[in-house]
Amino acid sequence: MTKAEIQLVRSLADKRGRTEQGLFLAEGEKLIGELRTSHLRVRRIYALEGIFAGDEVEVVTPREMERLSQLKTPSNSVALVEIPRYRLHPEELRERLTLALDEVQNPGNLGTIIRLADWFGIRDILCSEGTADCFNPKVVQATMGAILRVRVHYTDLAAALTAAARDGVPVYGTFLEGENLYESRLSPAGIVVMGNEGRGVTPSVAQCISRKLFIPPWPADRRGSESLNVAMATGIVCAEFRRRTAMYGAK
């Protein structure tokens, strides 16, 4: 392979490079195998001999793979994938549960949240512009393939939530002073906002939230961890929304 090809692959570790090229990086036989059967377009695959076959596949040596891989232990294959562009129609927000992430910046947390969304059947995630890039190689790996099924939208989050609330969509958020999650009335459809790892929900987004929720520890008077990280909290909230949906038979 050429020096230019290696430079292209390496450039995709950076958001600017991904934006300029319109490509993101995926690694590993399992993930790339899923990508090849998905709606996403795989532009090029670099793989060790015997891993993949096809016109888009270029066989490389273990030494070359070490230069291409973004992982501490190099994988056996690397793919260049076109970044998808999705449109979210307002009426879709009224019909199902949607997540919104406000300045969530840790790639591992974002990847786990995308994986959780996939598990709970949540199709769309709205992200503020300051949220980590979902096509960061670390995020892509952390999603374990969920990035193929969950659509992530970057937008002016406060404006999007304001428009949704005006359209009658319930907008929930997690706060320390909110209603007890397990005692609140929850709707089967709406938007659930999760905030930054350290600062929580930003003031501009907080103004758009119509229902504040609190996740209580159990038992309420026990001593232990001071807080949950945003990925853990997202899993708890999504599970409770889905439990209510199943309990009352809502779609």
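Since the structure is predicted, the reported quantities are computational estimates derived from the model, not experimental observations.
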Side-chain heavy atoms of Ile125 within contact of Val150, under 4.5 Å: yes
Is a donor on one side and an acceptor on the other found under 3.5 Å between the side chain of Arg115 and the backbone of Ala146? no
Applied to residues 66-110, the ring-ring contact (aromatic ring centres under 6.0 Å, His included) test, sequence neighbours excluded, yields none
Are Glu183 and Pro216 packed together at the side-chain level, in the sense that at least one heavy-atom pair is separated by less than 4.5 angstrom? no
Is it the case that over 12 heavy atoms from other parts of the model lie below 6.0 angstrom from the CD atom of Glu49? no
Taking all non-hydrogen atoms of both residues, which atom of Arg87 and which atom of Glu92 are closest, and how far apart? O-OE1, 4.3 Å
Do the side chain of Asn196 and the main chain of Glu103 share a donor and acceptor less than 3.5 angstrom apart? yes
Is Arg211 reaching over with its side chain to a backbone N or O of Glu179, donor-acceptor style, under 3.5 angstrom? no
Nearest 0.5 Å, please: how far is CG in Leu97 from OG in Ser187? 7.5 Å
Here the gap from Leu110 atom CG to Phe135 atom CZ, rounded to the nearest 0.5 Å, amounts to 10.0 Å
Heavy-atom distance under 4.5 Å between the side chains of Ile122 and Leu116, does that happen here? no
Between Val152 and Cys127, which heavy-atom pair has the shortest distance, and what is it? CG1-SG, 3.7 Å
If we only count heavy atoms from C-beta on, is the Tyr172 to Lys212 side-chain gap below 4.5 Å? no
Exercise: identify the closest heavy-atom pair between Gly195 and Val230: O-CG2, 3.4 Å
Please determine whether the number of non-hydrogen atoms from other residues, nucleotides or ligands lying under 6.0 Å from atom CE of Met65 exceeds 12. yes
In terms of hydrophobic clusters joined by side-chain contacts under 4.5 Å, are Leu68 and Val59 together? no
Among side-chain atoms of Ser69 and Glu27, is any donor-acceptor pair under 3.5 angstrom? yes
In the structure I gave you, are the side-chain heavy atoms of Thr174 and Val237 within less than 4.5 Å of one another anywhere? yes
Is there a continuous path of hydrophobic side-chain contacts, each under 4.5 Å between heavy atoms, that joins Met1 to Val57? yes
Charged N to carboxylate O below 4.0 Å: is that the case for Arg36 and Glu56? yes
Minimum heavy-atom distance Cys134-Ile147, with the two atoms named: O-CD1, 4.0 Å
Are Arg151 and Asp124 ion-paired here, with the side-chain N under 4.0 Å from a carboxylate O? yes
Atom CZ of Arg10 with >12 non-hydrogen neighbours under 6.0 angstrom: yes
Within the 3.5 Å criterion, strictly below it, is a donor on Glu197 or Asn229 matched to an acceptor on the partner's side chain? no
Could you tell me which non-hydrogen atom of Phe214 sits nearest to which non-hydrogen atom of Gly178, and how far apart they are? CB-O, 3.4 Å
Does any non-hydrogen side-chain atom of Ile113 lie less than 4.5 Å from one of Leu99? yes
Just wondering, do Leu40 and Phe24 contact through their side chains at under 4.5 Å, heavy atoms? yes
Output the rest of the hydrophobic cluster of Leu88: all Ile, Leu, Val, Met, Phe, Trp and Tyr residues reachable through side-chain heavy-atom contacts under 4.5 Å, sorted by chain and number. Leu93, Leu126, Leu157, Leu161, Val169, Val171, Phe175, Ile191, Val193, Val201, Val205, Ile209
Side-chain heavy atoms under 4.5 angstrom apart, residues restricted to Ile, Leu, Val, Met, Phe, Trp, Tyr: same cluster for Leu8 and Val42? yes
Value rounded to 0.5 Å, distance of CG in Asn136 from CD in Gln141: 10.5 Å
Reported CG-to-CD1 distance for the pair Asn180 and Ile215, which is rounded to 0.5 angstrom: 10.0 Å
In terms of heavy-atom contacts, Phe120 and Ala239 come closest through CE2-CA, 3.6 Å
Report the distance from atom SG of Cys208 to atom CZ of Arg166, rounding to the nearest 0.5 Å. 10.0 Å
Without placing hydrogens or testing angles, list every side-chain donor-acceptor pair under 3.5 Å for residues 78-85, not counting sequence neighbours.
{"residue": "Glu82", "atom": "OE2", "partner": "Arg41", "partner atom": "NH1", "Å": "2.7"}
{"residue": "Glu82", "atom": "OE2", "partner": "Arg43", "partner atom": "NE", "Å": "3.2"}
{"residue": "Glu82", "atom": "OE2", "partner": "Arg43", "partner atom": "NH2", "Å": "3.2"}

Reference residue Tyr46; test side-chain hydrogen bond (donor to acceptor under 3.5 Å, both in side chains); the match among Glu5, Glu64, Glu58: Glu5
Between the side chains of Asp102 and Thr202, does any donor sit under 3.5 Å from an acceptor? yes
If Ile, Leu, Val, Met, Phe, Trp and Tyr residues are connected whenever their side-chain heavy atoms lie under 4.5 Å apart, and connections chain through other members, are Met144 and Val104 in the same group? no
Please report the interatomic distance CD(Glu34) to CG(Leu148), rounded to the nearest 0.5 Å. 5.5 Å
Can we say Glu240 and Arg243 salt-bridge, meaning some charged N sits less than 4.0 Å from an Asp/Glu carboxylate O? yes
When you measure from the side chain of Ser184 to the backbone of Leu186, do you find a donor-acceptor pair of N or O atoms at a distance under 3.5 Å? no
In the structure I gave you, are the side-chain heavy atoms of Leu25 and Gln70 within less than 4.5 Å of one another anywhere? yes
Would you say the side chains of Ser128 and Tyr154 form a donor-acceptor pair under 3.5 Å? no
